Amino acid sequence: MRVLVVNAGSSSLKCQLIETDGKVSLMKCLAEKAGTLDVFMNVSFAPGFQKTAHDVAGLTVPECLEKLLRVLVTDPASPIRRLDEVRAIGNRIVAGGEFFSASVLIDHDVREKLSLCEELAPLHNPAADACIDLMRRLMPDTPQVAVFDTAFHATMPPKAYLYPLPMAYYEKYKIRRYGAHGTSHRYAAQQAANLLGRPLEDLGLITCHLGNGGSITAVNHGESIDTTMGFTPLEGLMMGTRSGSVDPAIITYLMRRENMSYDEMDAVLNRESGVLGISGISADMRDVLEAAGAGNAQAELAIEMYVYRVQKAIGSYYAAMTRTDAVVMTAGIGENSAELRERIFAGLAHMGMILDKERNDVTGQIGVNRVISIDDSPIKICIVTTDEEMRIARETDDLVCRMPA
Ligand code: AMP
């Protein structure tokens, strides 16, 4: 089945056309900085995936998608000529609130509920909803599925998802932990079980999605029981530009002292903090590692803080579970940075997570799922390559195949 996967953010659009039968990607598209003067969009097709830049000057995220749909039916390298050759659309939705604990086919009722979730992810959900509406208009007969970042975490118990605030705020506004990166954590857990040759239901796993955004999840018997991201994707680990958890009193203090508006404070926490805020160099871990290697003290401090916060989160989930069989590393940093993994696990050997330095080496191993702990490490350490788009395509395929004829 040919599935168009659409991952829309506030200013970015990532799409793939995936043939789910052979699990192959036929087209990849990346648009960034949409809605600004610097917007760009690259589209590439199998087999060579030679990128072509398209003129998207002044376009918003849904407008970039409209442009992509035109490219899909006109580019000679495209495998399709008509939009109805796309059998289904899989939309990544960041926040599903308490409405959705699994992927769903989008109908009128689901679309209404999606609108109600917009304020839970104000950067992402409105763009995704606008893309859904556009495709309903242009491809009215093509089924659309919503795949939620939050769905995997629907199994968290109240003691993990509630905040110790007056209950009235949960009842009134549904303020609670929802988590994120669920598709990635679910996939990482399943792949780790495959690597270990044991049923997922028998395992206690700590999955670490360490990318530009980062979150860690305690996966007990295949279910998320706690995760570091919270009401929004701001809580938890130190990230590329996000602060992660800070004393909430700092926020009110700073707003008073600096006379900041809500939007200004929001920008500080979401865009100016984290690895960028401490290093003063970049949000990109590769740049920061390079600067630290060249002797930059702020870059080194940013890495130390990043590592320390990951170690503490892993330690807290070790305590939250009754058993831990493996820690799973995934996403840009988790998969690719042997140095960061070495530094993280150097502090966790006393808990029984013992890295094998040679296995940890990435040379020639990018994209290979594997165990990187020593043979008799009491807790295994695994690397899993995340592939969110493929997961979304497969969930979409599953739901569409189950549709009544
Ligand atoms: P993601 O959000 O999963 O695409 O991950 C992006 C993050 O992964 C960025 O901070 C990159 O700098 C980081 N990253 C990718 N490759 C490497 C690498 N080889 N070493 C260190 N960080 C990396």
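Computed from a prediction, not measured in an experiment: that's the story for all the values here. Both ligands and their constituent atoms are indexed starting at 1 by order of listing.
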*Asks:* Pair Phe345, Ile354 - check side chain to side chain contact (heavy atoms under 4.5 Å, CB included), show working.
*Replies:* CA-CA 7 Å; Phe345 288 103; Ile354 309 170; over 6 Å; no
*Asks:* Taking 4.0 angstrom as the limit, do Lys67 and Glu63 come out as a salt bridge?
*Replies:*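 A salt bridge is absent here (no side-chain N lies under 4.0 Å from a carboxylate O).
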*Asks:* Anything under 3.5 Å between an N or O on ligand 1 and a protein N or O? List each pair with its distance, or write none.
*Replies:*
unit_1, atom_1, unit_2, atom_2, d
ligand 1, 2 (O), Asn212, N, 2.9
ligand 1, 3 (O), Gly332, N, 2.9
ligand 1, 5 (O), Asn212, N, 3.4
ligand 1, 8 (O), Ile333, N, 3.4
ligand 1, 10 (O), Met285, N, 3.1
ligand 1, 12 (O), Asp284, OD1, 2.3
ligand 1, 12 (O), Met285, N, 3.0
ligand 1, 12 (O), Arg286, N, 3.3
ligand 1, 12 (O), Arg286, NE, 3.4
ligand 1, 16 (N), Asn336, ND2, 3.4

*Asks:* Is it true that, when you exclude Gln50 itself, more than 12 heavy atoms of the residues, nucleotides or ligands shown sit nearer than 6.0 Å to its CD?
*Replies:*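 Open: at most 12 neighbouring heavy atoms sit under 6.0 Å from CD of Gln50.
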*Asks:* Please confirm whether Lys174 makes a cation-pi placement over Tyr170, using NZ or CZ under 6.0 Å from the six-membered ring centre and within 45° of the ring normal.
*Replies:*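 Yes - Lys174 lies over the ring of Tyr170, closer than 6.0 Å to its centre and within 45° of its axis.
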*Asks:* Is it the case that over 12 heavy atoms from other parts of the model lie below 6.0 angstrom from the OH atom of Tyr173?
*Replies:*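 No, because the 6.0 Å sphere around OH of Tyr173 holds 12 heavy atoms or fewer from other groups.
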*Asks:* Within a radius of less than 6.0 Å around CZ of Arg370, do more than 12 heavy atoms belonging to other residues, nucleotides or ligands occur?
*Replies:*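 Correct, the count exceeds 12.
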